[in-house]
A.B. asks: 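Got a structure for you, written out below as structure tokens; questions coming shortly.
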Amino acid sequence: MDFEVNKIIDPLSVDCIIFGFEDAKLKILLIKRSIHPNFGEWALPGGFIKYNESIDDSATRILKERTGIEGIYMEQLKAFGEVKRFPKYRVITIAYYALVKPGDYPIDTTKYASEANGLI
């Protein structure tokens, strides 16, 4: 098989669901997308898996690239594979989740996100 190890696996992605619990309220981290598809829309931090990394490592990389957050434990939740859930082609997404104390993890936006809601 001839492929680049850093290349993404197009139809396989990871979404990170980061919950925060503060002031007796459950919050969730969303980013405003600064790339297409869905430019300018709020979304979970997510992205495509690379050939040269495990699914767990992908989740860690993607969360850091999209939000600057690192060093949290995430658990694999579920795979989502609805046929028409992605606008261009079929994508299977593996969701990861974590529960954090919001103030312990400052958020940096990146080229992928123009802003983040900071766990609302």
Side-chain angles (χ1 to χ4, degrees):
M1 178 180 247
D2 186 27
F3 62 87
E4 295 178 41
V5 293
N6 271 334
K7 193 170 181 163
I8 62 169
I9 304 171
D10 282 332
L12 194 56
S13 70
V14 166
D15 280 346
C16 301
I17 306 165
I18 309 302
F19 294 104
F21 193 73
E22 187 173 55
D23 299 325
K25 293 181 184 174
L26 187 62
K27 302 177 177 194
I28 190 166
L29 174 65
L30 297 175
I31 59 170
K32 188 175 262 189
R33 293 181 55 87
S34 59
I35 59 172
H36 289 286
N38 305 101
F39 178 86
E41 292 184 14
W42 290 101
L44 296 169
F48 291 103
I49 296 168
K50 293 181 180 180
Y51 279 100
N52 69 337
E53 64 188 356
S54 71
I55 299 168
D56 290 347
D57 289 346
S58 290
T60 300
R61 173 186 56 81
I62 289 164
L63 184 63
K64 183 177 179 185
E65 284 179 355
R66 303 315 190 255
T67 67
I69 295 174
E70 58 185 327
I72 66 170
Y73 174 77
M74 290 187 286
E75 183 75 28
Q76 194 177 114
L77 175 65
K78 179 181 174 162
F80 296 88
E82 175 96 17
V83 175
K84 296 182 182 191
R85 59 179 286 279
F86 194 76
K88 291 184 177 181
Y89 45 83
R90 183 167 187 194
V91 174
I92 297 167
T93 299
I94 301 165
Y96 280 75
Y97 73 99
L99 178 62
V100 301
K101 184 177 176 187
D104 290 351
Y105 297 94
I107 299 165
D108 281 333
T109 54
T110 66
K111 68 179 182 178
Y112 301 100
S114 59
E115 60 184 286
N117 70 354
L119 290 169
I120 60 169

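Just the heavy atoms: all of them, side chains too, but no hydrogens, waters or symmetry mates, feed the values below. Please read these numbers as outputs of a predicted model, since none were measured by experiment.
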A.B. asks: Same hydrophobic cluster for Ile17 and Trp42, using side-chain heavy-atom links shorter than 4.5 Å among ILVMFWY?
C.D. replies: yes

A.B. asks: Within this structure, what is the CZ-NZ distance for the pair Arg90 and Lys84, rounded to the nearest 0.5 Å?
C.D. replies: 11.5 Å

A.B. asks: If you round to the nearest 0.5 Å, how far is OH of Tyr96 from CG of Leu77?
C.D. replies: 10.5 Å

A.B. asks: What residues form a side-chain contact (heavy atoms from CB on, under 4.5 Å) with Thr93, not counting sequence neighbours?
C.D. replies: Ser13, Asp15, Arg85, Val91

A.B. asks: Going by heavy atoms in the side chains, are Ile18 and Met74 under 4.5 Å from each other?
C.D. replies: yes

A.B. asks: Quick one: are Leu29 and Ile69 in side-chain contact, heavy atoms under 4.5 Å?
C.D. replies: yes

A.B. asks: Could you state the interatomic distance from CZ (Arg66) to CZ (Arg61), rounded to the nearest 0.5 Å?
C.D. replies: 6.5 Å

A.B. asks: Using 0.5 Å steps for rounding, measure from the CD1 atom of Ile94 to the CG atom of Leu12.
C.D. replies: 4.5 Å

A.B. asks: Rounded to the nearest 0.5 Å, what's the gap from NZ on Lys7 to NZ on Lys50? Could you check?
C.D. replies: 13.0 Å

A.B. asks: Working to the nearest 0.5 angstrom, can you tell me the gap between Ile62 CD1 and Thr67 OG1?
C.D. replies: 11.0 Å

A.B. asks: Given side chains that start at C-beta, do those of Glu53 and Ser58 come closer than 4.5 Å, heavy atoms only?
C.D. replies: yes

A.B. asks: Please name the pair of heavy atoms, one in Gly71 and one in Tyr105, separated by the smallest distance, quoted to 0.1 Å.
C.D. replies: O-OH, 4.2 Å

A.B. asks: Going by the side-chain contact (heavy atoms from CB on, under 4.5 Å) test, name the single residue among Ile28, Ile31, Val14 that passes it with Leu44.
C.D. replies: Ile28

A.B. asks: Return the set of residues passing side-chain contact (heavy atoms from CB on, under 4.5 Å) with Leu99 (not counting sequence neighbours), or none when no residue passes.
C.D. replies: Phe19, Phe21, Leu26

A.B. asks: Please name the pair of heavy atoms, one in Ala59 and one in Cys16, separated by the smallest distance, quoted to 0.1 Å.
C.D. replies: O-SG, 3.6 Å

A.B. asks: Please enumerate all residues that pass ring-ring contact (aromatic ring centres under 6.0 Å, His included) together with Tyr89, with sequence neighbours excluded.
C.D. replies: Phe86

